[in-house]
Amino acid sequence: MFWNKKENLDHQVELSGDYLLEVRDLNVNIQVEEDTLHAVRGVNFVLRRGETLGLVGESGCGKSVTSKEIVGINPGNCSSKGEVLFRTKTGKVFNLLELEKDGVTYRALRGTEIAMIFQEPMTAFSPLYTVGNQLSEIILIHEPGTTKQQARERVLEMLKKVGIANPEKRIDQYPHEFSGGMLQRALIAMMLCCDPTLLIADEPTTALDVTIQAQILELMKSLQKEFGMSILFITHDLGTVASMCDRVAVMYLGQIVETGSVRQIFHNAQHPYTRGLLKSLPKMNQNRDERLYAIRGVVPVPVGLKPSCGFHERCEECMAGKCDSMNVEPVEVEPGHFVRCLLSEEGKVRA
Amino acid sequence: MKLKKFLALSLALIMTAGILAGCGGKEETPAETPAETPAETPAEVEIVKESPMLAELVAAGSLPELSERLPVAADIMVETDKTPENPQYGGTLRRNNGGEWDYGPFTEEPLFRLTEDGGVTPNVAKGYDVSDDGLVYTIYLREGMKWSDGEPFTAHDVAFYYNYMLVTDFTEENKIVSGYNGTTYNWYKTTDPADGVTKPAIVTVVDDYTVQIQLYAPKPLILQNIAIDNKWMFAPKHWYKDIVAYDTSVEHWTGLSHDVLGGAGLTAVTEEEAVANAAARNARFTFDDYTQLGNQLGYMYWSYKDRPTLRAWTMDSEKTDQTYVFVRNPYFWKTDAEGRQLPYIDTVEMVTMDNALYSQEMIAGNLDMASVDVGDFPTYKAGEAMGDYTVYSSVQPNWTSCSIELNQSYKDPQYAELFANIDFRHALSIAVDRNEMNEILYAGLAEPAQAAAPAGTAQFIEGAREKWTEYDPAAANALLDGIEMISNDRNADGYRTFTSGANAGKPVLINLEGHEKCNSAEAIALMAQYYKEIGIQLIEITNTARNTRQQKVTNGNEIMALYEENLNVFNPYVRPDRVGANRNICTWVGKYGLEHAEPMTPAAGSEMEEIVNLTKELSTAATMETAEAVGEAFLQSHLDNTWIVGYLSVTSKYTALGNDVKNFDADHISCDELRFYGNAKPYTWFMEQ
Amino acid sequence: MALFKKKNKERDDSYYYASQWQLMYQKFRKHKLAMASAVLLIVFYTIAIFGNFVAPQGTEQFSGEYVNCGPTPIHFFHEGEWEGPFVYGLKRDRDPVTYMNIFVEDTEKICHIDFFAEGDKGGEYKILGLIPCNIHLFQAEGDGQVFLFGTDGMGRDLFSRVVLGAQISLFIPVVGMILTVALGLLMGSLAGYFGGWVDNVIQRLIEVVRSFPNVPLWMALSAALPATLKPAQVFMLMTIILSLISWPNLARTVRSQFFSIKKEDFIMAARISGAPASAIVLRHMIPSFLSYIIVNMTLTIPSLIVGETTLSFLGLGLRSPATSWGVLLQETNKLETIMFYGWKLIPMIFVFLAVLAFNFLGDGLRDAADPYK
Amino acid sequence: MNKNFLMFALRKLATMILTVFLISFVVFFIITLPPGDFLTNYIGRMAEAGEAVSPELIAELKAHYGLDQPFVVQYWKWISNIVFHGDFGYSFLLSMPVTSVIKAYIVPTMVLSLVTMIFTYAISIPIGIYSAVHQYSVGDYLFTTIGFIGMAVPNFLMGIILMFISFKLTGNTMLGLYSPGMENAAWSMAKFIDLMKHSVIPILVIGLMNTCSLMRTMRGQMLDELGKNYVMAARAKGLKAKAIRYKYCVRAAMNPVASSIGWSLVNIFTGTTIVAIVLNLPSMGRVMHEALLDQDMYLAGSWLFLMAIMTVLGTFISDLLLAWLDPRARSEYLKG
């Protein structure tokens, strides 16, 4: 590892226990012309080694911005506050927000420690270079001294691992010659080439066919077992969360409104939003004549927000004069289960 | 008053020329002015007699010695009166390129040079004799004179040109046929009043340095005619041999042997072969047909590199080049009074660009010389100091600087009738506010005047210049109202219409063509606005320039009138082109001394018929008296008929010349017949180094 | 992105239900340069329409008295006293060396400027070509002269020429644009709707026309205009020539729009329901990309303005006394213009402004119309 | 693969030939358009020269030039002469075969066009990249403004303005390609420098419009590319921003720019024509202008034809270039 001397890394940050990643009070603002969008507003969560945390919410509630902030690839019009603590393989802990975005340190972490796969694998590859070229690139930049031939062999191996048939042929093909599912496999292969400890998966299956989705999820699970990395799994689909994650954090309007284990969330959801999401899941035994539930309205634009519960406009249980006029702090309703709702005040657990 | 002096002399000397012609010419005696260093030159100053540039070549052995390049000492032509004090050799004169009729005359060397007084003086020819009966002209050439390629120039070159290029046949209808030149000169035809028979002159070789012109009937102005219209009456036979179509196995129209006619050594060449031979000799000599070949290589030869000439500088560029470079002719046959071979200047460059740009190039110091459009006079004048040049003015003996000439041979009968109507022409004349025009076009440098000879010239007629010049649109309208064939009321656009005939209901419209060399657009736009006031529509047809203008006039179905900026009239009986029927933009007789295969016949008893008859009479005039009388009649006809509607008098000819160019004679008279700048003898100018 | 531009609090329901046009207008209003350009162009066109009224002189007036006269200053005070707007009389002198006119103010003579002046001085004209009138916006009384932009080589008021020239230089492009759009739409729709060989033929045609460099092709075509045409006819033919050359760009846009829209459900629906082709094209397809067409139209105009001025400048378009900005610019290609008569360059500014304004306007419209921005 | 590419090139070539054929038709139509055809001039010339112009002769001449034939036959005569003999007809303006005229001017014209083109791309691509990378910076605003102005000012105006500026600054308007005395001098460093000095204004003027529009295209393309997901992905794998920019974005943004090479010739030829007239350059533009004013249509038409052919050739080359550069386009083309 080569640390950038310019970056002030002297003060050692604390990261307790077996935490791999801790996000503390993360705020991300996006500047759009003269408006400031408060995309992420005081997000806290931790991720342990080998654990899978699901980050759930509708589009536009800040999950992607949060995850990209961790990798440090948000565009230039984003500014962030708070701490994102990360422990490297060597045990060194960094506050990622303090690192220069395009600096040597951060770049050295990306790919080797923190990897990310994306929603649309077709656009995550440049159409101009072969898949092999783009895959071996990650090895070549992180492990100087590796010959192209060596990199190629490792890429072939990885491709085999992610289940791409005939990798010798595929390696020299261009992305447009791959199907979506295959590209996602290739992307996973690319990101795992350098054995990262944290894999951020930003809705990795949304753009894929249902049968392929399952395959990719299976692949991720098996790879997690093999490589032992932690996964931050971002999705709007509670169904996949159930099969993939250990814990879940539900996000709404830039805040985590409820967090807990999969069990806690699925069986004891407290926040009206979480409950809404759960309700809108189609059930096997659902009556056909029954209308599918939908949360009314849309996620508001996070501009010029007044102190209030972010969900009050859409909440069926909204308490006028309370929810729409004061900020809500999270409360722990049971061990490890936090909710940000006035209804859950004083630790009342709702049935 | 230069002009006065010049034109008074002009009359006197034309008469002298006539007398001389009548009583036998005089031979120039070059021996009196020896070419070798005159005795009075101080011995200690050694005069450099050739350009260092040539001396280098001589030293390198690629050029013969000066003495071998010049004619024999006695036959060198010496420029006595133009020798400057301390001339310097070398330098490049950069000037505007006014087209082939500008750079041609600039370097032209005629057989006989027309003088400012209307006489002729030998130039390429050394001298001449006229027989007592005025029928035989013996012309003496310079021994040892050489073409620019070093080949000797002899009597064969003259006879060859006349017999095989110019007058290749003479038909039963008394037509001269020219297979090559594209033009034929009817001045060589004479008619014997006794038998009414017309025959062209016969030109024969007497010896290597003597040619003879034999006329069928006396023609006292023949040398002037040659000097004006066929000044290049010679061609390098060695160069043209295989690109002139002629079959020497057939008898020549003269009936004489080919050897005597300059045809010795010629073989049969067909037109196709000639075209092919030319193209084979050089790709630049590729022409569409023989007429084109003749017109270009034969007639406008000075635009072609490699064609040997007798000129001071020869073309060394392609026609497509933007700057034409003329390099000095190492065999030039003139020296100054102190024996220096002319010219002094090594190179002349003619730079082609838009007319509007010359002034700025002059001011920026990128040119040494530019011919000034009168409208640009203020600009040139204001930039004198900045560009280190001087604007000189020279006399132009022109009749007008802004005029309209109606096409009297326009084919549409209604227009023909209208144009023949003198009231119509007078209406056009007084419809224009000449003072205002003068202000706008020439910054007040000209004067309001009818098209007529300027004061001080021999052709000057009291009152002619003031006739019909008073601005009076009401009177003009009244004149037009009196013309029956056109309406008194106006159409929706404000124009009069024809009342009857094929054009009934159509507006009276004059399609006018401007002149390529003039900044005519503004003048024509002005005229159009004045004409509109009297209900006549004037439209400028695209200024098509070059060599198509006259043809379109001749066609008689497109151009109805011409705009002229410099109506050049030298002397009506020496050159009746402008005032006679020839060039009065009609096809009655022809122009530039040419004749038409099918001359049109003007209406019997018309004023135009009179002019046509006069022109014919002049061409057969056997005595000076007849010629003079015809000249008088021409002037009278113009005075009576206002054939050319002139608006403004001529201005001076302005020339911007770098201050390092010396020995320029601003007093030269500038006109076509005297070859414009050629009259100032550019080969005597030099550039201060 | 501009969606966020309106603050939440100001946003009422109408925002969500605003039509495409209202949205476009709201977005357009934010583009300050485009708005300014629109205002400028409205001013230009208004002046041009009432050109004969605004211009103190008519097209055909000229004068030997005032050749190359600089702009006349407008004064308000005479010897310290308020007089209202007036000009001094002009005394003409001639430089003895260069023969140039020198104009000096004759401070003895005060000529007030009359607004809405009646009189023959400016000549008679017809309002919008219909109602005869001889009232001009302003005129100096007596024999005073107001030359706001000076005069040209024929003593014509340059301000009047610029104003009257605008009638040609601003309207040829509009007429040309209409023709261009009509042609482009027709060709593009044919190609896009029918596809197959029709498309092939039209594509070849587009390629052929596009392969010619514009100006040389304009030059070649206008060289064929007979000289005997009236200015109005030259005007029409120039317009036709210009649009004959500029349609392919629009046709290409329309064609590709057609191809992408053809597969959309609402078109399929219309087709299945048996609507005739013309109705589908006119009622469903063209409206769906009308905004593109409008943007294209706006951006066609500046190129046509440049076309007209270039042709006239090269002497292949209109000729004096007919006036257009290109005709006026003919005089600028001379050194003396910059050396002595700087005011003759003023028409350049107007060409520049008009072209720039149309470009900005088009840019603003494009931004407003683009749903992805 | 190579065989496929060849097939693709051949197919393109076939459409190109079809286009050229159609272009030649248009050109010939333009040639025959002016009211006074050259034969009328020719007859006038002969009549003036004193030759008898009988109706029989006129008929004979018409037959000789094919003018009595239907348009198609005349066209065939013209085009077959070009194709089989390289004979573009005869210029009455310069009294020489059109081919000779073109030969004389084509080199300077092409050199000027080429240099301008290189200049255009060399300037606009880096500026476009800079503007995109530093979006909304002072530099970006500056270049955007210049770009707009450059697109708004007609070439001829720009030429005049620069000429005047040059005159004000140096007292010389820098007309033509050489200073006095340099034009016919032998090649030397001094001559080259002189040529360079004189080329500044023409290249600026010819290239300006193109440079500005290319600059804006490049900027837009770069912005598009910079916002694409693969940039994020590449960053996520630890690639340097600069490396991403050049390896991925620039390369991708170049594709549309490369495919515009052919069409940019259209602008450049337009520019050369105008600038040659305004700045008095020894290129074909001036001759074409004169030819048009004189209605010497074979000359003007042939030049127009050549320019169009060169544009078509340019687009052909840029099509091949694009196919070579962009694997997607390649496979699409190769499929047929």
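- Contact of A/Met122 with chain D is not made at all, since no heavy-atom distance falls under 4.5 Å.
- Chain A forms the most heavy-atom pairs under 4.5 Å with one residue out of D/Arg251, D/Lys242, D/Lys228, and that residue is D/Arg251.
- For a residue to count as touching a neighbouring chain, one of its non-hydrogen atoms must lie under 4.5 Å from one of that chain's; by this rule A/Phe125 touches chain D with the backbone only.
- Interface remark: of the candidates A/Cys194, A/Pro196, A/Ala124, A/Ala124 forms the most heavy-atom pairs closer than 4.5 Å to chain D.
- Contact tally against chain D (heavy-atom pairs below 4.5 Å) for A/Thr130, A/Leu128, A/Ile138, A/Ile117: the top residue is A/Leu128.
- The side chain to side chain contact (heavy atoms under 4.5 Å, CB included) search around A/Glu137 returns D/Lys237, D/Leu239, D/Lys247, D/Tyr248, not counting sequence neighbours.
- Neither the backbone nor the side chain of A/Ile200 comes within contact range of chain D; no heavy atoms are under 4.5 Å apart.
- From A/Asn77, atom CG reaches atom CD of D/Gln135 across 9.5 Å, with rounding to the nearest 0.5 Å.
- Scanning both residues, D/Ala236 and A/Met116, for their nearest heavy atoms gives CB-CB, 4.2 Å.
- The 12-atom threshold is exceeded at CZ of A/Phe227, counting heavy atoms of other residues, nucleotides or ligands nearer than 6.0 Å.
- Both the backbone and the side chain of D/Lys240 come within contact range of chain A, judged by heavy atoms closer than 4.5 Å.
- More than 12 heavy atoms of other residues, nucleotides or ligands sit less than 6.0 Å from atom NZ of A/Lys89.
- Within the 3.5 Å criterion, the main-chain N or O of A/Gly72 finds a donor-acceptor partner in the side chain of D/Arg235.
- When atom types are taken as modelled, the side chain of A/Asp102 and the backbone of D/Ala241 share a donor-acceptor pair closer than 3.5 angstrom.
- With sequence neighbours left out, A/Arg152 forms a side chain to side chain contact (heavy atoms under 4.5 Å, CB included) with A/Gln149, A/Ile171, A/Asp172.
- Closest approach of A/Ser126 to D/Tyr230, counting heavy atoms only: N-CB, 3.7 Å.
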